[in-house]
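Remarks on the structure that follows.
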Amino acid sequence: MTEKIIPLSVPSLKGNEFKYVKECIDTEWVSSAGSYVDKFAKEMASYAGTKYAIACSSGTAALHTALILTGVEAGDEVIVPDVTFIAPVNTVRYVGANPVFIDCDDYLNIDADKLASFCEEECDFTGEKLINKTSGARVRAIIPVHIFGNPAEMERIMDLAVKYGLKVTEDATESVGSYYREGKYAGRKTGSVGDIGCYSFNGNKIITTGGGGMIVTNNPEYAQKADYLTNQAKDDTVRYVHNETGYNYRMNNIQAAIGCAQLEKIEEYIDTKRKNFNIYKDALADIDGLELVEEPSYGFSNFWYYSLLVDKEKYGLNREELMKKLDESGIQTRPLWQLNHRQMPYKDCQAYSIEKAEHYYDRLLNIPCSVGLKPEDIKRVLGVMKDV
Ligand SMILES: Cc1ncc(COP(=O)(O)O)c(C=O)c1O
């Protein structure tokens, strides 16, 4: 095979990244005390539409901190999607709590109907606390994840959270720039609706800092405490007195400098992602048995990933066979993550009404979606798909 590999999702660093990083090196401000860290946080708060933002070393660090801030305690339970990258699930364990897995909807996000029936039928509400009837544990929080860029049904999730006294940490790591088109949160970006929103800027995200994350919130107490906890909980910055267990979860100036340059390009990137999605979609209309997961009518997706559904009956090949065929042509793809209720550390946790997740797990294939994707790359991917 001589053709170049078409990767699934790689960053584009063609803006001011080098200029800003050079400035960090020229001025010798490379640690978390540099001015780009504050600048990037301020710009992210403004972009997300929240009052505060705290830059972190990763999306996972942001999520872990959010669970501490919202009072999730050892022995509690936290409702999470069965379909998600495992990081938010792991952070539930970092605080000694257990996840409860809920099925996905047709946009791959946590199913709001099933979330409601879980709370209503599987739990008792005391008027203050939601108690899981099976485990006897207190259900303290929900982590909706906006999967592959599609906004989760936050209006219904927030209504349930208010009804049952649950805290909400939005995992918006995959959905920077996605927003609501209608309803109570029309015009609001994902990440800005819950008690806390978390972003990741690792290498495959729509904007990257190499590795990094962000906490956004409108709550000044959460913001102040997030800053404190992610910076080793220093109560005296001269004598280094610590009255709580802190974390080294700060972003450094070089990462933040890259983040500022990337954020300048976000609208352009989203535009490109959406245009390329439509090129794929139009061409796939002629291939029986292949279709893309669409955005919901109530929301605007950044289309971070393009999720193809493979129907073997109509297409002739199943997902595995198509994945192999594309791989043999130098085209990188990825199936859906292993479902979380089947992952070894969580196989004994409660999984509620898992149906659609199994369906999508068997059929879904994410196809190349980098912002640098060229028309000829898309043509090549489609060419292999058509050749069955
Ligand atoms: C949904 C989701 N949550 C959390 C993370 C973790 O972010 P990070 O790698 O920055 O820790 C990722 C991706 O990496 C993700 O896709």
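For ligands, and for the atoms within them, numbers begin at 1 and follow the listed sequence. Worth knowing before you read on, the calculation uses all heavy atoms, side chains too, and leaves out hydrogens, waters and symmetry mates.
Closer than 4.0 angstrom to ligand 1 lie heavy atoms from Ser58, Gly59, Thr60, Leu63, Thr84, Phe85, Ala87, Pro88, Val145, Asp171, Thr173, Glu174, Ser200, Asn202, Lys205, Gly212.
Among Tyr269, Trp304, Tyr199, the single residue meeting the side-chain contact (heavy atoms from CB on, under 4.5 Å) criterion with Val176 is Tyr199.
Aromatic ring orientation, His146 versus Tyr180: perpendicular (interplanar angle above 60°, classes split at 30° and 60°). Below 30°, between 30° and 60°, or above 60°: for Tyr249 and His64 the angle between ring planes is above 60°, a perpendicular geometry.
Every residue was checked against the ring pair (Phe, Tyr, Trp, His ring centres under 6.0 Å) condition with Phe18, not counting sequence neighbours, and none meets it. Residues satisfying the ring pair (Phe, Tyr, Trp, His ring centres under 6.0 Å) test with Tyr164, not counting sequence neighbours, are Phe125.
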Review item, side-chain donor-acceptor pairs of residues 339-347, under 3.5 Å, at least two apart:
from, atom 1, to, atom 2, distance (Å)
Asn340, ND2, Asp82, O, 3.1
Asn340, ND2, Thr84, O, 3.0
His341, ND1, Asp82, OD1, 3.2
His341, ND1, Asp82, OD2, 2.8
Arg342, NH1, Gln338, OE1, 2.8
Arg342, NH2, Glu358, OE1, 2.3
Gln343, NE2, Gln338, O, 3.2
Tyr346, OH, Asn90, OD1, 2.6

